[in-house]
Amino acid sequence: MASDLETKAKEAFIDDHFELALHLYSQAIQLNPKHAELYADRAQANIKLDNLPEAVADANKAIELDPSMSKAYLRKATACMKLEEYQTAKSALETGAALAPAESRFSKLIKECEERIAEETGDLSMQTPEALAKNDVPAKEIELDKDQPNLEIEAAPPKPVYRYEFYQKPEEVVFTIFAKGTPHDCVKVDYGEQILSVAINAPGKEAYHFQPRLFAKIIPEKCRYDVLSTKVEIRLAKAEPIHWTSLEFSREVAITQRVNVSSVSASQRPSYPSSKPQRVDWDKIEAQVKKEQEKDEKLDGDAALNKFFRDIYKDADEDTRRAMQKSFVESNGTVLSTNWKEVGAKKVEGSPPDGMEMKKWEY
């Protein structure tokens, strides 16, 4: 069945029906999730549809399943070059070239990556005369095998299984996924220059995949993550100290001004009125955020019940509040009613829990 789907997907790709090819490859992957070739082919379908972060994720999966597949590195490089992540693309191309030294496209694209990297860094010594003469020529789209279509598999993004949020410091972004009780070996996190890939495959739960193109570039080797009892905390090291207005990249959002790190991390603590900018204690802010998160997550038993009643009282009308107050006081805390018509007409008698009795204390 999986092979039939794969054949149909390749036919759809050749006929330029990329959406259909993507759908068929995803179905084939569900039936045969360990087949690296399917992921590499689905990656190419995603590239054609401009689903670039998904293409990188599929190429990474193909490489994980079969590290000797040279075309998986080519797919990854193709997507990364379109994302302008030339360092990551070059690294993938160099590995692919070592696996397939006869394939001329690798050396050609490595040269192109080096030119783009030189343009970004301003290093003219790495640029060829042709590149210097035509600095504004965009990176060429990588030609694909016509006789062997390359498609990548990535299932359509499922509905979010976990809640997530992020906050930031001048030098890093802290991204939190609230996946309570997830084993460490069920979490896989990969980093690119501007890509984050998170996969959580917890027993008994739907697989979770999140592959955004990030708001700005990061430093992959400085990024890290921790799997805690209630969440997965990912720390992304910023390549530049700019303020991220969102986690994901958007062409409509302009890059905001750089954060003045020196003023934020200054050690001066004036004990008298000063016109200098006030120092921001980012560690304290982070601790407060964590404390609030843990407080919300740990509510249980009586604390959760009390919060439930407080929320009812806060949003209630005047009659409901009067009913709650009267019933609680007259029953010595054993009854809490919201029906004023019933409570207002008579005294509320106490109702002790089973196995207990009420006693009136004499003063």
Side-chain angles (χ1 to χ4, degrees), residues 1-83 85 88-89 92-93 96 99-100 103 105 109 140-162 186 188 190 192 195-202 204-213 248:
M1 183 64 179
S3 60
D4 293 340
L5 289 169
E6 182 180 5
T7 300
K8 291 178 181 179
K10 289 184 177 181
E11 291 173 354
F13 184 85
I14 292 172
D15 292 336
D16 292 343
H17 297 151
F18 305 123
E19 288 279 4
L20 176 59
L22 180 65
H23 178 68
L24 292 170
Y25 275 118
S26 297
Q27 287 185 325
I29 289 172
Q30 289 180 357
L31 296 174
N32 192 358
K34 299 297 184 181
H35 189 20
E37 186 83 16
L38 291 174
Y39 287 95
D41 287 346
R42 191 176 67 175
Q44 189 54 46
N46 273 316
I47 290 171
K48 286 293 187 179
L49 293 168
D50 212 28
N51 301 332
L52 302 178
E54 290 84 353
V56 174
D58 277 346
N60 282 336
K61 184 64 176 179
I63 292 168
E64 177 187 334
L65 294 172
D66 185 0
S68 65
M69 182 185 291
S70 61
K71 78 171 182 179
Y73 296 95
L74 187 60
R75 301 296 166 259
K76 180 175 181 178
T78 304
C80 287
M81 290 181 74
K82 286 177 173 287
L83 289 167
E85 296 197 7
T88 304
L93 290 166
L99 294 170
E103 176 57 72
R105 283 179 295 176
L109 292 169
K140 289 199 234 169
E141 181 177 350
I142 298 174
E143 295 180 4
L144 306 169
D145 299 336
K146 300 226 175 155
D147 54 343
Q148 180 66 33
N150 302 307
L151 298 103
E152 170 192 16
I153 48 174
E154 172 142 14
K159 293 182 180 179
V161 179
Y162 305 108
C186 294
K188 181 175 177 57
D190 291 313
I195 292 177
L196 172 66
S197 177
V198 183
I200 301 177
N201 292 290
K205 292 186 179 180
E206 184 180 354
Y208 175 82
H209 299 279
F210 185 60
Q211 294 104 12
R213 182 181 181 187
E248 298 186 49

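Source: prediction; values computed, not measured.
- Here the NZ atom belonging to K10 is positioned 12.5 Å from the CG atom belonging to L5, to the nearest 0.5 angstrom.
- Nearest approach of I47 to A55, heavy atoms of both residues: CG1-CB, 3.6 Å.
- More than 12 heavy-atom neighbours from other residues, nucleotides or ligands sit within 6.0 angstrom of CD on E64.
- Side-chain contact between V56 and D190 is absent, with no heavy-atom pair separated by less than 4.5 Å.
- When all heavy atoms of A62 and A72 are compared, the pair lying nearest together is CB-CB, 3.9 Å.
- Nearest heavy atoms, L99 versus P67: CD1-O, 3.5 Å.
- Using a 4.5 Å heavy-atom threshold, the side chains of E19 and L49 count as touching.
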Item to check | From CA spacing to verdict: side chain to side chain contact (heavy atoms under 4.5 Å, CB included), H35, L65 | outcome: CA-CA 7 Å; H35 189 20; L65 294 172; over 6 Å; no
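- Atom CD of E6 is separated from atom CD of E37 by 6.5 Å, given to the nearest 0.5 angstrom.
- Side-chain contact between T88 and I195 is absent, with no heavy-atom pair separated by less than 4.5 Å.
- To the nearest 0.5 Å, atoms OH (Y162) and CD (E206) are separated by 9.5 Å.
- Between I200 atom CD1 and K188 atom NZ the span is 13.0 Å, to the nearest 0.5 Å.
- Nearest heavy atoms, Q211 versus V198: NE2-O, 4.4 Å.
- The SG atom of C80 sits 12.5 Å away from atom CG of L109, with the distance rounded to the nearest 0.5 Å.
- Of the possible donor and acceptor atoms, one in the side chain of Y39 sits under 3.5 Å from a partner among the backbone N and O of P33.
- For R213 (side chain) and L52 (main-chain N/O), no donor-acceptor pair under 3.5 Å exists by modelled atom type.
- Taking CZ of F18 as the start and CG of N46 as the end, the distance is 12.0 Å to the nearest 0.5 Å.
- With sequence neighbours left out, the salt bridge (Lys or Arg N to Asp or Glu O under 4.0 Å) criterion links E85 to no other residue.
- Salt bridge annotation for E11-K8: absent, with no cationic side-chain nitrogen under 4.0 angstrom from a carboxylate oxygen.
- What you find for N201 and A207 is that their closest heavy atoms are OD1-CB, 3.1 Å.
- Nearest heavy atom pair, residue L74 against residue T78, reads O-OG1, 2.7 Å.
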